[in-house]
Structure formats: C-alpha cells, structure tokens
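Input: a single structure, listed below in structure tokens.
Here is how names work: the chains are called A, B, and so on, in the same order as the sequence lines, proteins then strands, and each is numbered from 1.
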Amino acid sequence: MSAEVKPMPLQEAYNDLVNRSLTRIPGELGRLIYLASTREYNTGHYYHQGLADRFGPGAAQKALEIAHRQAFYKVSAYSLEDLVEELERYLASTKENPLKCLRAWQKLEPYRIAVPEDVNATVARLFTSNLRLALAILRFRQGRSRPHR
Amino acid sequence: MIGTTSALLAAAALVFLLIAWIRADKALRDLPFGSEEWSSSLDESPEACPAEFVSQIFSSGDMAYVERLNSRELERQFHRERNGVALLWVQQTSAVVQRIMRRHVEASRQSRDIEFIMEARIFLQYAQLKAACALIFVGIGLAGAQEVRGIALYADVLTQRISQVAREFDAGLREREMKGVGPS
C-alpha cells in the first residue's frame with residue numbers, strides 16, 4: 001500500500017506565491033513593498049485574488065502573512081550599505097522619476113506601512129531608522145553627483 | 001581632608017552619571033516621530049530581540065560606511081538614529097526580562113519544593129542584567145551605541161540564559177504537577 005503525501009494547502013499556497021508572484025519582482029525591498037500592499041489597511045487582512053481562488057482565502061491569507069514577515073526580517077537584517085543599494089535598485093525599477101520618488105519617500109515615509117503586525121518592536125524601529133538613513137544617503141549622493149555650476 | 005575629597009569625587013561621579021542618564025533619556029524622547037509607537041508595544045512583546053539584530057544595532061560596520069561618505073550631517077543623523085534604536089533595545093530587554101521574572105516569581109510562589117540554588121542563580125543573573133541595562137543606557141548617552149557593543153552582547157546572552165532557566169523551571173514544575181507532587 002502506498003500513501004501519497006499531499007502538501008498542505010498553506011505550504012502549496014506559499015510555494016506558489018514565492019515561485020510565481022515574488023520571483024518576478026526584482027529585489028527584496030520590492031517584494032516587501034508588494035507583500036505589504038496585499039494587506040487591507042482597515043482590517044490588516046491579506047488578500048490575493050489568484051491565491052485565494054486556487055488555495056482558499058485562509059491559506060492565501062496565511063501564506064501572504066508568512067512571506068511578508070520573512071521579507072521584512074530579511075530587509076531589516078541588511079547592512080546599511082546593502083540597503084542603500086537595494087533602495088536604489090527599487091527606486092530605479094519604478095516607472096516614476098527616481099528623484100521625485102526619493103523626495104516622496106523622505107517626506108511621506110510610505111515604507112512605515114511595510115512593517116508587518118506583531119513583529120519585534122526593536123527590529124521594526126531598526127527597519128524604519130535604516131530606511132530613513134538610506135534615503136538620506138541616496139539624497140546626499142545625488143546632490144554630490146550633480147554637476148556644479 | 002581625605003573624607004572631603006572622596007565625598008566631592010563621589011558627588012562629581014553622581015552628577016556625571018545623572019547627566020549621562022538625562023542625555024540618554026533625551027535621546028530616546030527626541031527620536032524621529034518619538035518612540036511611543038513602538039515602545040507602547042514593548043509591554044506585550046513576548047520575545048527579546050533576535051541576537052543577529054542585537055549584533056547589527058551595536059556593530060561599527062554601518063558607522064564605518066557612513067564615515068566613508070565624508071558628511072558630518074549624515075554622521076550626526078546616523079548616531080541619532082542608531083542610538084535611538086539601541087536605547088529602545090535596552091527598554092525592550094528590560095521589559096522582557098522583568099516579565100519573565102514576574103511569571104517566574106508567581107510560579108515559584110505556587111510551588112512547594114523550591115530549589116534554593118536555582119532561585120539564587122536566576123536572581124543573580126537578573127540583577128546582573130538589570131545592572132548591565134543601566135550601564136548600557138548611560139553608555140549610549142555618553143559615548144554612543146557602538147562603544148557599548150561588548151556589554152550589549154553580554155546582556156543579550158544573559159537574557160537568553162534567564163529565559164532558558166525560567167523555561168526549564170516552568171517545565172520542571174509542570175512535570176511535577178502532572179505527577180501530583182507539585183503546587184499546593
């Protein structure tokens with residue numbers, strides 16, 4: 001008698017999310033921002049139509065939550081130098097003007113909503129603090145590379 | 001004469017420590033957007049900060065990178081930001097260990113057979129950790145997060161040790177309860 005071991009729906013949903021959706025997004029910061037954007041602001045619930053259709057809303061929600069937390073801890077562990085590079089790559093990947101984008105990020109701090117619920121408070125602070133620094137460094141580098149008149 | 005000199009020295013040291021404490025406290029309050037949003041969740045945060053992040057917060061690698069950029073303003077911002085994170089870590093560590101100790105004391109009160117050596121060990125480590133946290137707090141205010149890296153890593157090890165010992169104690173208590181020997 002052979003028993004076929006079927007992967008759990010959550011594992012399947014997670015694998016699908018990682019292998020199909022996330023691999024298309026360049027950079028860990030980009031993936032983090034994307035995952036945070038699947039979270040409903042009012043309720044904190046995650047939603048992804050394709051995943052929910054295939055694996056059920058419960059498994060999809062959990063898979064997104066896990067992937068979001070993992071991406072968050074990965075980005076938070078970057079050294080400042082790596083984060084600056086990652087941020088530069090992310091800003092270049094958006095279709096907007098990188099300088100405009102940089103200014104908006106400094107002013108509005110949209111990355112603050114990329115922090116998942118119930119993560120370690122110190123790590124959350126390290127994440128926002130490092131991003132503020134990375135933005136300041138990019139701005140400084142851009143100012144320096146601009147030709148003097 | 002010696003007595004007066006000692007008293008003056010002690011008073012000077014006290015004033016020095018007080019100033020350092022006030023500086024650290026001010027740094028914590030002056031964080032961009034304040035520290036309230038995260039520190040309010042410190043009381044509920046069940047776990048201490050993961051060790052890899054503690055090492056990163058107090059590391060000098062990021063500082064060396066910022067120094068290479070040759071900007072006084074960026075260096076100032078870096079110190080302000082990193083000291084803020086480090087001070088928050090001190091608060092969190094202190095809160096986590098205090099909660100562990102509170103839970104442990106409650107469990108000990110219900111237990112009939114208290115092991116004196118185990119209790120003394122936990123208390124000693126707790127006292128050491130509290131002293132280390134106070135020292136780190138003052139050290140950050142005086143010299144910055146990178147200068148207290150060694151003691152911060154030591155405090156992190158102590159936190160893990162206390163959590164481990166308290167967990168072992170709780171597990172032992174539960175085992176005795178199941179055998180019907182435990183709490184009254």
Side-chain angles (χ1 to χ4, degrees), chain A residues 28 32 36 41 44 66 69-88 102 105-146 148, chain B residues 28 31-96 145 152 156:
Chain A
E28 204 57 51
L32 173 65
Y41 296 134
I66 293 169
R69 202 176 296 261
Q70 284 176 341
F72 169 77
Y73 277 112
K74 226 182 231 178
V75 173
S76 301
Y78 280 162
S79 70
L80 198 53
E81 191 168 6
D82 290 343
L83 186 64
V84 170
E85 274 175 33
E86 187 70 22
L87 183 63
E88 201 168 21
L102 184 63
W105 268 52
Q106 271 195 309
K107 221 173 178 178
L108 306 171
E109 303 202 329
Y111 50 85
R112 291 165 73 85
I113 55 151
V115 178
E117 216 181 318
D118 298 329
V119 285
N120 189 281
T122 305
V123 181
R125 164 62 75 180
L126 179 68
F127 170 80
T128 52
S129 166
N130 274 354
L131 263 165
R132 255 194 305 272
L133 283 167
L135 285 163
I137 291 169
L138 271 188
R139 193 79 186 265
F140 169 77
R141 282 201 333 208
Q142 280 191 342
R144 216 167 42 175
S145 64
R146 228 178 283 152
H148 294 284
Chain B
L28 191 61
L31 284 174
F33 289 93
S35 62
E36 307 80 39
E37 61 197 306
W38 309 120
S39 55
S40 63
S41 60
L42 289 182
D43 291 339
E44 296 105 51
S45 185
E47 296 291 332
C49 182
E52 58 180 298
F53 291 104
V54 179
S55 171
Q56 192 191 344
I57 292 166
F58 292 93
S59 116
S60 54
D62 286 344
M63 189 173 74
Y65 167 65
V66 173
E67 278 172 354
R68 283 202 302 274
L69 296 167
N70 281 323
S71 160
R72 296 288 300 159
E73 181 49 38
L74 279 177
E75 277 179 45
R76 261 198 300 273
Q77 188 181 348
F78 174 78
H79 286 297
R80 202 171 51 236
E81 290 279 357
R82 200 45 71 85
N83 288 352
V85 178
L87 288 168
L88 192 71
W89 173 80
V90 177
Q91 275 194 327
Q92 184 184 34
T93 304
S94 208
V96 165
D156 188 47

Which region of A/Asn130, side chain (C-beta onward) or backbone (N, CA, C, O), has a non-hydrogen atom less than 4.5 Å from a non-hydrogen atom of chain B, or is it both or neither?
side chain
Rounded to the nearest 0.5 Å, what separates atom CZ in A/Phe127 from atom CZ in A/Arg132?
11.0 Å
Chain A contact via B/Val54 - which portion, at a heavy-atom distance below 4.5 Å
neither
Given that the side chain runs from C-beta out, which part of B/Tyr65 has a heavy atom under 4.5 Å from chain A: side chain, backbone, both or neither?
side chain
Please classify the contact of B/Gln77 with chain A as side chain, backbone, both or neither, using a heavy-atom distance under 4.5 Å.
both
If the plane angle is over 60° it's perpendicular, under 30° parallel, otherwise tilted; pick one for B/Phe58 and B/Trp89.
perpendicular
I would like to know whether B/Glu73 and A/Phe140 meet side-chain contact (heavy atoms from CB on, under 4.5 Å); could you show each step before the answer?
CA-CA 10 Å; B/Glu73 181 49 38; A/Phe140 169 77; over 6 Å; no
B/Gln56 (side chain) donor-acceptor with A/Tyr78 (main chain) under 3.5 angstrom:
yes
